[in-house]
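Per chain, numbering begins at 1; letters A, B, ... match sequence-line order. The shown structure was predicted, so the numbers you read here are calculated from the model rather than taken from an experiment.
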Amino acid sequence: MPELPEVETVVRMLRPRLEGRMLTGVHVGPRRLRVPWQRRWNARLIGRRLAHVQRRGKWIVIDLALPESGDALLVHLGMTGRLILAEVGAPTAPHTHAVFHLDDGKQELRFLDPRRFGLIRYLAAPERARLQSTAALGPEPWQLTTANLAAQLARTRRCLKAVLLDQRVLAGVGNIYADEALFEARLHPGRIARTLARQEVERLRCAVVRVLERAIRKHGSTILTFYYGDDEHGEYQNEFRVYGRQDQPCRRCRTPIAATRLAGRSTHYCPQCQPLP
DNA sequence: ACAGGATCCTGGGGGC
DNA sequence: TGCCCCCAGGATCCTG
């Protein structure tokens, strides 16, 4: 469930604590991960300084400093992944798959993921560069122009929900914020993308940005397992307009929120505020 | 070519 | 109370 706001929250927590630190050791557990850890990555990582902690869509990119450069440690939180700083010697929580020792000797970076939908891997410079470009992963929502979005919507018969979830269109939106953004834009999630008028495209683009910014200010949403820091959790789940609010009154018009399934995902909307033309 | 579906995984919740 | 089944979801691969 970590989407852009949750990942951004984690990155902002880690950045001041990790940047400038050196990796002094790597320990990866025996459980098989989605991308199996390769032993040769250890040599690529140990002795390297962490230059920048960044977010790209839902990906956490920890860039490595000289002597090589352009390579990185890449993390995706999947559904239940957590990247935390723990005191050295603190009890290891269940489902801890990787531990990175740091040169300050006080804290270590741990990757936990009960459901193992997440991913942690070393990323060589060419792949790191590709992740930065918009070739494989679409632009950050703030970089997306109305013209770009309009062009992408015009060339597909998919519904809006499916398009918003497509990371090649724009990076970082997942199931929760897709529903919330469509409510904000007053657009039905089942609307066929290519039928949008120009002003509706602009409304959608603004709504995505506005919802994400609001969620970042609230440190994301915590449902079951999202935490940043030790046990600090997001507060945006209290602001949901539609997600998870099936049969509850719309906060705008009191009409019961509807739930359906689109693009293989649970989808929530207000039938009154988000009508199909 | 494009769109939709299956797949991975496990804790938690609902139902009986 | 206890057990079982099903559900949640991002990215990727597969099928029609």
Side-chain angles (χ1 to χ4, degrees), chain A residues 1-11 28-37 55-61 74-83 93-98 111-121 123 127 130-131 134-138 140-141 151-182 189-196 208 212 215 220-227 231 233-234 236-237 240 242-247 257 259-268:
Chain A
M1 267 172 252
E3 302 178 30
L4 190 154
E6 290 75 32
V7 176
E8 179 66 24
T9 299
V10 170
V11 162
V28 177
R31 298 298 295 273
R32 188 180 171 83
L33 302 175
R34 190 151 66 87
V35 172
W37 185 265
R55 181 192 56 73
R56 175 78 175 95
K58 301 172 198 172
W59 299 88
I60 297 169
V61 184
L74 181 70
V75 180
H76 196 294
L77 299 178
M79 272 197 76
T80 55
R82 293 178 61 188
L83 201 54
H95 309 290
T96 298
H97 302 302
F111 175 66
L112 296 66
D113 187 11
R115 207 161 297 181
R116 287 190 281 154
F117 267 37
L119 178 155
I120 188 160
R121 62 163 302 173
L123 201 65
E127 287 86 359
R130 206 172 308 146
L131 184 68
T134 53
L137 187 61
E140 293 289 314
Q152 305 219 53
L153 295 177
R155 75 166 76 106
T156 181
R157 290 181 156 82
R158 288 188 295 173
C159 65
L160 292 178
K161 178 66 181 269
V163 173
L164 286 182
L165 291 177
D166 187 342
Q167 302 298 296
R168 295 168 300 184
V169 174
L170 80 166
V173 174
N175 202 40
I176 294 173
Y177 297 107
D179 282 4
E180 294 297 314
L182 286 166
R191 268 290 287 283
I192 300 303
R194 63 195 301 176
T195 67
L196 260 63
V208 168
L212 293 175
S221 313
T222 297
I223 301 171
L224 301 182
T225 60
F226 172 71
Y227 294 93
D231 57 359
H233 54 78
Y236 195 71
Q237 64 279 4
F240 289 163
V242 287
Y243 182 84
R245 298 192 65 246
Q246 180 174 10
D247 299 332
I257 298 300
T260 184
R261 205 159 180 86
L262 285 174
R265 294 288 171 258
S266 66
T267 300
H268 313 76

Item to check | Atom pair distance, as rounded to whole Å: CZ in A:Arg158 and C1' in B:dA3 | outcome: 8 Å
Item to check | Proximity to the side chain of A:His76 - top-ranked nucleotide from B:dG11, C:dA11, C:dG9 | outcome: C:dA11
Next on the checklist: Run the salt bridge (Lys or Arg N to Asp or Glu O under 4.0 Å) test against A:Arg55 and tell me which residues pass, sequence neighbours left out.
Outcome noted: A:Glu8, A:Glu140
Next on the checklist: Quick check on the helix from B:dC2-C:dG16 to B:dC16-C:dG2: what's the angle between its two end axes, five base pairs per end, to the nearest 10°?
Outcome noted: 60°
Item to check | Contact under 4.0 Å: A:His95 side-chain N or O vs B:dC9 OP1/OP2 | outcome: no
Checklist entry - Please give, in whole Å, the distance from B:dG4 P to A:Lys161 NZ? => result 13 Å
Checklist entry - Of all the nucleotides listed (C:dA11, B:dA3, C:dA8), which has the minimum atom distance to the side chain of A:Trp59? => result C:dA11
Item to check | Presence of donor-acceptor pair under 3.5 Å, side chain of A:Arg115 and base of C:dA8 | outcome: yes
Checklist entry - Looking across every strand, which nucleic acid part, if any, lies under 4.0 Å from A:Gly264 by heavy atom: base, sugar-phosphate, or nothing? => result nothing
Next on the checklist: In this structure, how many angstroms lie between the P atom of C:dA11 and the CZ atom of A:Arg168, rounded?
Outcome noted: 11 Å
Item to check | Euclidean distance, atom CZ of residue A:Arg121 to atom P of C:dT12 [Å, nearest integer] | outcome: 11 Å
Checklist entry - Just checking A:Arg261: base, sugar-phosphate only, or nothing, at a heavy-atom cut-off of under 4.0 Å? => result sugar-phosphate
Checklist outcome for this item: ring-ring contact (aromatic ring centres under 6.0 Å, His included) filter on A:His76, not counting sequence neighbours, yields A:Trp59
Please list, one pair per line, the donor and acceptor atoms closer than 3.5 Å that link side chains of residues 154-165 of chain A to other protein atoms, with sequence neighbours excluded.
unit_1   : atom_1 : unit_2   : atom_2 : d
A:Thr156 : OG1    : A:Arg158 : N      : 3.0
A:Arg158 : NH1    : A:Asp166 : OD2    : 3.3
A:Arg158 : NH2    : A:Asp166 : OD2    : 2.7
A:Lys161 : NZ     : A:Asn175 : OD1    : 2.7
A:Lys161 : NZ     : A:Asp179 : OD1    : 2.7
A:Lys161 : NZ     : A:Ser266 : O      : 3.1
A:Lys161 : NZ     : A:Thr267 : OG1    : 2.9

Checklist entry - In terms of side-chain heavy atoms of A:Arg116, which of B:dC9, C:dG9, C:dA11 is nearest? => result B:dC9
Next on the checklist: If I take atom CG in residue A:Asp179 and atom P in nucleotide C:dG9, what distance separates them, rounded to the nearest angstrom?
Outcome noted: 9 Å
Checklist entry - Distance check: side-chain N/O of A:Thr80 vs OP1/OP2 of C:dG9, anything under 4.0 Å? => result no
Next on the checklist: Rounded to whole Å, how long is the line connecting atom CG of A:Asp166 with atom P of C:dA11?
Outcome noted: 10 Å
Item to check | Interatomic distance, A:Phe117 CZ vs C:dC7 C1' [rounded to whole Å] | outcome: 11 Å
Item to check | Check: A:Glu3 side chain, A:Ile176 main-chain N or O, donor-acceptor pair, under 3.5 Å | outcome: yes
Checklist entry - With a non-hydrogen cut-off below 4.0 angstrom, is A:Arg265 in contact with a base, only sugar-phosphate, or nothing? => result base
Next on the checklist: Side chain of A:Gln167, heavy atoms from C-beta onward: which of C:dA11, B:dA3, C:dG9 has the nearest atom to it?
Outcome noted: C:dA11
Next on the checklist: Is the shortest side-chain heavy-atom distance between A:Leu74 and A:Leu131 below 4.5 Å?
Outcome noted: yes
Next on the checklist: When you measure from the side-chain N and O atoms of A:Arg31 to the phosphate of B:dT10, is any distance below 4.0 Å, counting only OP1 and OP2?
Outcome noted: yes
Checklist entry - Under the 3.5 angstrom rule, does the side chain of A:Arg116 hit a backbone N or O of A:Arg32 as a donor-acceptor pair? => result yes
Checklist entry - Hey, does A:Arg155 reach any base, or is it just sugar-phosphate, or nothing, if we go heavy atoms under 4.0 Å? => result nothing
Checklist entry - Can you list the residues that meet the side chain to side chain donor-acceptor pair (under 3.5 Å) rule with A:Trp37, with sequence neighbours excluded? => result A:Asn42
Checklist entry - What pairs with A:Thr195 under side chain to side chain donor-acceptor pair (under 3.5 Å), at least two apart in sequence or on another chain? => result A:Arg191
Next on the checklist: Distance check needed: C:dG9 P versus A:Leu119 CG, whole Å only.
Outcome noted: 20 Å
Item to check | Candidates C:dA8, B:dG11, C:dA11 - which lies nearest the side chain of A:Pro114 | outcome: B:dG11
Checklist entry - OP1 or OP2 of C:dG10 sitting under 4.0 Å from any side-chain N/O of A:Tyr177? => result no
